[in-house]
Amino acid sequence: MLEIQRVQQNKSDAIAGLKKRGISNAEELLDRVITLDQKRKDTQTKLDSILSESKTLAKDIGRLMKEGKKDEANAIKEKTSVLKEESKKLAEDQKNIENELIKALYDIPNVPHDSVPAGTNEEDNEEVRSWGTIPELHENNKPHWDLIKDYDIIDFDLGVKITGAGFPVYKGKGSRLLRAMVNFFLDEAAEAGYIEVQPPLVINEASGIGTGQLPDKEGQMYHITEDDLYLIPTAEVPITNMYRDVIVKPADLPIKNVGYTPCFRREAGSWGAHVRGLNRLHQFDKVEIVQITKPEDSYSTLEKMCEHVEGLLKKLELPYRVLRLCGGDLGFTSALTYDMEVYSAAQKRWLEVSSVSNFETYQANRLKLRYKNENNKTQLLHTLNGSALALPRILAAVIENNQDEKGIKIPDVLQKYTGFDRI
RNA sequence: AGAGGAGUGGCAGAGUGGUCGAAUGCACCGGUCUUGAAAACCGGCGUGCCGCAAGGUACCGGGGGUUCGAAUCCCUCCUCCUCUGCCA
C-alpha cells in the first residue's frame with residue numbers, strides 16, 4: 001500500500017503515475033485517503049487527551065482510596081464514567097476511520113516508475129532489448145502439446161484423471177528434464193549469491209495480505225477453508241513474508257533469497273485462446289528470486305536481476321526479448337516490471353517466462369519491513385522479485401525450439417543435470 | 001488428537017489489581033580511563049501513532065471482557081514445551 005506521506009507530498013506525481021495505469025479518478029482516490037488520514041489524526045488527538053485525563057483521575061482515585069477518602073474518590077468516579085463513555089465512542093470512531101483508510105489504500109495500486117509507458121494492454125508494452133536468433137525448424141515441426149504425446153513425457157489426461165484440467169503428469173525423461181531445470185536454475189542463483197530457501201507451500205491470511213494477494217485477489221488462490229489457509233500462487237509470498245514485521249540490520253542488506261516451489265493458481269475465468277498445453281496451468285513449478293534492498297539500491301538491483309534471468313535464457317540458447325510493461329499491464333503492487341518472453345518457433349509466438357519487478361515500498365509498507373538508516377531512523381525497504389524461471393513454458397520452448405526430425409536435443413548446459421542429451 | 005505447563009523488551013529474567021513501558025543481568029552504542037585493548041566507572045539503549053516541540057497515547061502472544069484503574073482477574077483463539085496416542 002502507498003505511503004500516505006508520500007501521497008501528500010507528491011500528490012500531482014502520484015496522480016500522473018496512476019493515470020498511466022488508466023485510473024481516471026486518481027485524484028479522487030488520493031483525496032479520500034488524505035481526508036481520512038486527517039480525520040484519523042484529529043480523532044486520535046481528541047482520544048489521547050481524554051485518555052490522559054482519565055488516567056490522571058484513576059491515579060487520583062487510587063491515592064484517595066489509600067488515604068481513606070472514600071467520598072472524594074467516589075465523586076471522581078462519576079467524572080471518569082463520563083470520560084469513559086466518550087473515549088469508548090472515540091476509540092470506536094478511530095477504529096472505523098482506520099479501517100476505512102486501510103481499505104481505501106488497498107484499492108489504490110502502486111504508482112508506476114517514471115520510465116513506465118502509459119498504456120492499456122500488452123500492445124503498449126515497450127521492447128527494451130532482444131537477444132538470439134529465431135531457429136529454423138524442420139518442416140514437420142510441432143507445438144509442445146503434440147511433442148509431449150509423441151515422446152510420452154507429459155500426460156495431461158492422466159492429470160485430469162487424478163485431479164482435473166491444468167494438473168499435468170510429467171513422466172520419464174519429461175520428469176527428469178523438469179527436475180534438471182530446477183536444479184540448474186537453483187545452482188545458477190546460488191552462484192549469483194542468492195541464499196536458497198524452501199518455504200511452506202501453504203500460507204495464512206496475514207501473509208496473503210503482506211504481499212498483496214489479499215484481500216483483493218483471493219479468487220486466484222486455492223483456499224483451504226477448514227484451516228483458513230491458502231496454497232501459494234508463487235514463492236514470492238512465503239519468501240517475502242519471512243521478513244514481515246522485521247527491522248533488518250543494515251549489514252544484512254541486500255537480502256537475496258531463491259526458492260523453488262510448485263505454484264498453484266485457480267486462474268478463474270482466464271481460460272481461452274493461447275492457453276493450450278503448458279501455457280497455462282493450475283499447478284506449475286517456478287524458481288523465484290527475491291531481493292530486499294535499501295531504497296537507493298533497488299533500481300540498480302532490478303537491472304541486475306534482469307541480467308541474471310537473461311543469463312539463464314542465454315545459457316539455454318533461447319531467443320528472447322525484454323519488455324517494459326506499460327501502466328495498464330503492470331501488476332497492482334509493482335512500480336516497474338520487465339517481462340522476459342521467449343520465442344517459440346513452433347507456436348510462432350512469444351511466451352512470457354519471467355517477470356521481474358520492483359515494488360519499491362508498496363509491499364514493505366504492508367509488511368512493515370524496515371531498516372535503520374544512516375540517521376538511525378526506521379525506514380521502509382524496497383522489495384523485488386522475479387521468476388528465474390517459470391518451468392512449464394521454458395520446458396515448452398526448449399522442446400519446441402530444439403526439435404528435429406529425429407527427436408529433441410537437450411541444451412548443453414542441462415545435459416549434466418538430465419544425464420541424457422536427446423529425447 | 002487427549003492431559004498438563006508456559007508465552008514479559010535483542011536474549012535471559014523479575015513483576016499476581018494502582019505511582020509499571022515495566023526491576024535486574026547479559027548483549028549493544030557513546031564517553032571517561034589507557035600508547036591501544038580489556039577491566040572498571042558514567043550515560044544511552046523497543047515499536048507505532050498524535051504533536052513544531054515539550055510532551056501525550058497505545059502496545060507485556062492475538063482478540064474480547066470485568067474494573068475508576070489490568071502485564072497481573074475472566075473468556076476465547078494462537079503458539080511453544082512435557083507426557084500419552086497416531087504417523088512420513
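Labels below follow one simple rule: chain letters A, B, ... track the order of the sequence lines, proteins then strands, and each chain is numbered from 1.
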Using the P atom as the reference point in each nucleotide, state the distance between B:A1 and B:C50 in Å, no decimals. 42 Å
Partner nucleotide of B:G46 by Watson-Crick or wobble geometry (both distances under 3.5 Å): B:C59
Which base sits across from B:A3 as a Watson-Crick or G-U pair, both distances under 3.5 Å? B:U82
Please pick, from B:C50, B:U47, B:C68, the nucleotide with the shortest atom-to-atom distance to any side-chain atom of A:Thr378. B:U47
With sugar-phosphate meaning primed atoms plus P, OP1 and OP2, does A:Ser49 contact a base, only sugar-phosphate, or nothing at under 4.0 Å between heavy atoms? nothing
Measure from CD on A:Glu98 to P on B:C50 and round the result to the nearest Å. 9 Å
Rounding to a whole Å, what distance do you find between A:Gln38:CD and B:G51:C1'? 12 Å
Please state whether the phosphate of B:G69, meaning OP1 or OP2, lies under 4.0 angstrom from any side-chain nitrogen or oxygen of A:Lys84. yes
Using side-chain contact (heavy atoms from CB on, under 4.5 Å) as the criterion, point out the one residue from A:Leu278, A:Leu351, A:Leu313 that pairs with A:Ile394. A:Leu313
Where is the tightest heavy-atom contact between A:Lys142 and A:Gln403, given as atom of each residue plus distance? O-NE2, 2.8 Å
Rounded to the Å, how far apart are A:Leu47 CG and B:A58 P? 8 Å
Taking the nucleotide of RNA chain B with the nearest heavy atom to each, does A:Ile247 or A:Ile61 sit closer to the 5' end? A:Ile247
Measure from CG on A:Leu36 to P on B:C49 and round the result to the nearest Å. 17 Å
Euclidean distance, atom CG of residue A:Asp228 to atom P of B:G63 [Å, nearest integer]: 17 Å
How long is the line joining NZ of A:Lys88 and C1' of B:G64, in whole Å? 11 Å
P gap between B:G15 and B:C73, integer Å: 13 Å
Look through every strand shown and name the nucleotide pairing with B:C41 as Watson-Crick or G-U wobble, where both distances are under 3.5 Å. B:G31
Measure from the side chain of A:Lys372, starting at C-beta and using heavy atoms only, and say which of B:U47, B:A58, B:C50 lies closest. B:U47
Lys/Arg-Asp/Glu bridge criterion (N-O < 4.0 Å) met for A:Asp421, A:Lys409: no
A:Asp42 bridged to A:Lys46 by N-O distance under 4.0 Å: no
When you compare B:C74 with B:U66, how far apart are their C1' atoms, in angstrom units rounded to a whole number? 7 Å
Taking only the side-chain nitrogens and oxygens of A:Lys77, find out if one of them lies under 4.0 Å from OP1 or OP2 of B:U67. no
Passes side chain to side chain contact (heavy atoms under 4.5 Å, CB included), A:Ile195 versus A:Lys256? Steps please. CA-CA 6 Å; A:Ile195 306 298; A:Lys256 299 173 79 174; 5.7 Å; no
Could you pick out which residue, A:Lys59 or A:Lys55, lies toward the 5' side of RNA chain B when each is mapped onto its nearest nucleotide? A:Lys59
Rounded to whole angstrom, note down the P distance from B:A39 over to B:G55. 34 Å
Separation of B:C50 atom C1' from A:Ile4 atom CD1, nearest Å, is 13 Å
If you check the A:Gln44 side chain, which of B:U57, B:C49, B:G48 turns out closest? B:C49
Looking at A:Thr240 and A:Val237, would you say the former's side chain and the latter's main chain have a donor-acceptor pair under 3.5 Å? no
Across every strand shown, the nucleotide meeting Watson-Crick or G-U wobble geometry with B:A14 (both distances under 3.5 Å) is none
Distance, C1' atom - from B:A71 to B:C33, rounded to whole angstrom: 41 Å
How would you label the contact of A:Leu51 with the nucleic acid (heavy atoms, under 4.0 Å): base, sugar-phosphate, or nothing? sugar-phosphate
I'd like the P distance from B:U19 over to B:A70, given in whole Å. 10 Å
Does OP1 or OP2 of B:C68 have a side-chain N or O of A:Ser81 closer than 4.0 Å? no
Quantified in whole Å, what is the C1' atom distance between nucleotide B:C68 and nucleotide B:C52? 35 Å
To the nearest Å, how far apart are A:Leu57 CG and B:U19 C1'? 15 Å
For A:Ser355 and A:Asp339, test the side chains for any donor-to-acceptor distance below 3.5 angstrom and give the result as yes or no. yes
Kindly give the heavy-atom pair with the smallest separation between A:Ile289 and A:Ala189, and that separation in Å. CG2-CB, 4.4 Å
Taking only the side-chain nitrogens and oxygens of A:Arg370, find out if one of them lies under 4.0 Å from OP1 or OP2 of B:U47. no
Check this one for me: any side-chain N or O of A:Arg40 less than 4.0 Å away from OP1 or OP2 of B:C50? yes
Can a side chain N or O of A:Lys95 be found less than 4.0 Å away from OP1 or OP2 on B:G64? yes
Take atom P in B:G61 and the same atom in B:A6, then report the distance between them in whole Å. 14 Å
Any-strand Watson-Crick or G-U partner of B:A54, both distances under 3.5 Å: none
